[in-house]
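The block underneath contains the structure these notes are about, expressed in C-alpha cells.
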Amino acid sequence: MSNRYTIEIIADAPPRLCLGDVIAGGQIVGINCANDEPDIVSAAWLADRLTLSKSTIVNRCININIGTNGKHLYNREQAIALLTTSAPKRGRRRAS
C-alpha cells in the first residue's frame, strides 16, 4: 500500500509539474490550486491587507458596496483595484 504525501508551494507563477512526473521517488497523481482569500470581503479585511483606515475604504468603495450601511462588503478584486489606483492630487503644487 502506498502512502500519500502533500507538498505545498507558494509562488507567483504555477509550478512546472505534470501529472505522472516522478519527483523524489514519488509519482504526481494530482495537482490542486488552493486560494485562501474570499471573494467577498469586509472593510476590516481590506484595512488589514492595504494599511488604510476603515473609514477611507468605506468612503472610496461606496459605489461597489454589496452589503448594508452597517456591514460593508465588497468584491475583493474590484475593491483592491479601486483602492490601489492612485487618485490625482488636488490643489496647487508646493513651491520649494
Side-chain angles (χ1 to χ4, degrees):
M1 177 171 187
S2 298
N3 292 329
R4 182 175 297 264
Y5 299 97
T6 303
I7 299 173
E8 184 173 337
I9 299 172
I10 299 174
D12 293 332
R16 294 183 183 154
L17 301 171
C18 295
L19 294 176
D21 286 350
V22 177
I23 297 178
Q27 183 178 15
I28 298 176
V29 295
I31 299 174
N32 294 329
C33 179
N35 189 0
D36 294 339
E37 296 179 343
D39 292 333
I40 297 175
V41 296
S42 65
W45 189 91
L46 289 167
D48 289 341
R49 301 297 186 283
L50 300 176
T51 63
L52 295 171
S53 68
K54 283 176 55 175
S55 59
T56 300
I57 292 169
V58 169
N59 290 335
R60 287 190 188 175
C61 296
I62 197 163
N63 294 333
I64 61 169
N65 186 11
I66 299 172
T68 61
N69 285 337
K71 187 166 193 151
H72 304 280
L73 298 174
Y74 310 101
N75 182 321
R76 176 178 45 89
E77 294 173 358
Q78 288 180 342
I80 290 174
L82 185 67
L83 293 170
T84 55
T85 56
S86 61
K89 298 196 177 197
R90 295 182 180 171
R92 191 175 146 211
R93 290 190 175 177
R94 278 181 60 177
S96 47

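- Of all heavy-atom pairs between Ala47 and Ile57, the closest is N-CD1, 3.3 Å.
- Within the 3.5 Å criterion, the main-chain N or O of Tyr74 finds no donor-acceptor partner in the side chain of Asn65.
- Follow the hydrophobic side-chain contacts under 4.5 Å out from Leu46 and you reach Leu82 in the same cluster.
- The distance from the CD1 atom of Ile66 to the CG atom of Leu73 is 7.0 Å, given to the nearest 0.5 Å.
- When the side-chain contact (heavy atoms from CB on, under 4.5 Å) test is applied to Ala44, the partners found at least two apart in sequence or on another chain are Ser42, Lys54.
- With sequence neighbours excluded, the residues forming a side-chain hydrogen bond (donor to acceptor under 3.5 Å, both in side chains) with Ser53 are Ser55, Thr56, listed by chain and number.
- Of the inter-residue distances, the one linking His72 atom NE2 with Ile64 atom CD1 reads 12.5 Å to the nearest 0.5 angstrom.
- Residues that satisfy the side-chain contact (heavy atoms from CB on, under 4.5 Å) test with Gln27, not counting sequence neighbours, are absent from this structure.
- With sequence neighbours excluded, the residues forming a side-chain contact (heavy atoms from CB on, under 4.5 Å) with Arg76 are Asn35, Glu37, Asp39, Val41, Trp45, Ile80, listed by chain and number.
- Cluster membership check: Leu19 shares its hydrophobic cluster with Ile23, using side-chain heavy-atom separations under 4.5 Å among Ile, Leu, Val, Met, Phe, Trp and Tyr.
- With sequence neighbours left out, Ile62 forms a side-chain contact (heavy atoms from CB on, under 4.5 Å) with no residue at all.
- For the atom pair OG1 of Thr85 and CG of Leu83, the computed distance is 7.5 Å after rounding to the nearest 0.5 Å.
- Within 6.0 Å of CG on Asn59 lie more than 12 heavy atoms contributed by other residues, nucleotides or ligands.
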